[in-house]
Novice: 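Provided herewith is a single structure, encoded as structure tokens, for subsequent inquiry.
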Amino acid sequence: MSLESLRKEIIYAGMQLKEYELITLTGGNVSGRDRETGLIAITPSGMEYNDLSTEDIVILDLEGKIIDGHRRPSSDLITHLQIYRAKLEINGIIHTHSTYASCFAVLNEKIPVASTTMANEVGGEVPVAPYAPVGSEELGDNIIKNIGKQKVVLLQSHGVLTYGKDVHRALIAAVMVEDAAKVYHLAKCIGNPVKLPEAEIKRANDLYQYAYGQN
Ligand SMILES: [Zn+2]
């Protein structure tokens, strides 16, 4: 994938986040790593996704030096770069304040796996990274410590961070965790949701990763 395609993929993901109502106004951000050059592409600070063209997506190296682009990068850039430096298998990151998942971040409460949707696309219980100020190294460290097999980490008192082997996978996780958090929340309102056993989470996740879809 060229840098131009990566920029297009990031804009597409941003518009999908709007479509699914996972972000409001200019909230949230999307980034991706170009596997050939190792460069990072990220959304600009404070711009509406619908107004973005490819040149608005900022290209940087892993240390944050701008290689191409005339916009100021997202204010969460430091966190994205920290994660890319620490986790070489991650090539796409999305941050939102999506309502239902963020409720659990505000409660400082994990989202357990109580539905196959969670098992399939989120891949496990969603932990909460302890609170630290936005843009601090501490926040990045707290997130990295909580990155596991699951594709989502909640940021205490703040929001949601999803990641994957590419931007598309991070987007699916962002959509699915909100869906699963909504179901879990509503189920909790009327009773006690039953958690899926660990072995079943693994089975459902493996099946979904390797056997679902056309590839
Ligand atoms: Zn945020």
Side-chain angles (χ1 to χ4, degrees), residues 9-33 40-52 56-58 60 62 64 69 71-87 90-111 122 126-148 150-164 167-182 185:
E9 196 181 10
I10 286 170
I11 293 175
Y12 174 76
M15 287 167 72
Q16 290 291 105
L17 295 178
K18 279 246 143 159
E19 174 88 19
Y20 286 101
E21 299 181 346
L22 302 181
I23 51 170
T24 322
L25 296 173
T26 59
N29 38 68
V30 182
S31 74
R33 183 195 331 245
I40 306 303
I42 191 164
T43 45
S45 182
M47 285 184 76
E48 285 266 4
Y49 291 86
N50 295 339
D51 298 336
L52 294 182
D56 294 319
I57 304 298
V58 189
L60 311 102
L62 276 178
R71 299 291 185 188
R72 191 143 40 97
S74 161
S75 50
D76 289 327
L77 170 70
I78 291 170
T79 307
H80 288 241
L81 292 178
Q82 257 180 288
I83 297 169
Y84 286 123
R85 286 197 297 264
K87 300 283 175 184
I90 291 178
N91 297 303
I93 299 173
I94 289 180
H95 169 54
T96 76
H97 308 134
S98 68
T99 312
Y100 284 90
S102 293
C103 286
F104 290 88
V106 167
L107 292 166
N108 192 19
E109 199 178 307
K110 294 174 181 179
I111 308 175
V122 177
V126 177
V128 188
Y131 180 81
V134 171
S136 66
E137 284 230 0
E138 191 189 354
L139 178 62
D141 291 342
N142 291 351
I143 293 168
I144 290 163
K145 277 182 211 149
N146 279 283
I147 290 178
Q150 91 294 344
K151 300 189 190 77
V152 184
V153 172
L154 297 176
L155 317 183
Q156 187 190 344
S157 310
H158 180 176
V160 187
L161 190 116
T162 74
Y163 42 83
V167 176
H168 181 66
R169 286 284 168 178
L171 173 65
I172 291 176
V175 175
M176 293 309 226
V177 73
E178 179 63 4
D179 214 35
K182 186 175 179 179
H185 164 75

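Every number for a ligand or one of its atoms is a count from 1 in the order of the listing.
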Novice: Find, among atoms of H95 that are N, O or S, the one nearest to the Zn ion (ligand 1), and state its name.
Specialist: NE2

Novice: Would you call the rings of H97 and H158 parallel, tilted or perpendicular, where under 30° means parallel and over 60° means perpendicular?
Specialist: tilted

Novice: Answer yes if the side chains of Y49 and E19 hold a donor-acceptor pair under 3.5 Å, and no otherwise.
Specialist: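 Absent: no donor and acceptor within the cut-off.
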
Novice: Assign the ring pair Y84 / H80 to parallel, tilted or perpendicular, where the plane angle (0 to 90°) is split at 30° and 60°.
Specialist: tilted

Novice: Provide the atom name of the closest N, O or S atom of H97 relative to the Zn ion (ligand 1).
Specialist: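 This turns out to be NE2.
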
Novice: Counting heavy atoms not belonging to I144, are there more than 12 under 6.0 Å from its CD1?
Specialist: yes

Novice: Looking at the Zn ion (ligand 1), which N/O/S atom of H158 is the nearest one?
Specialist: NE2

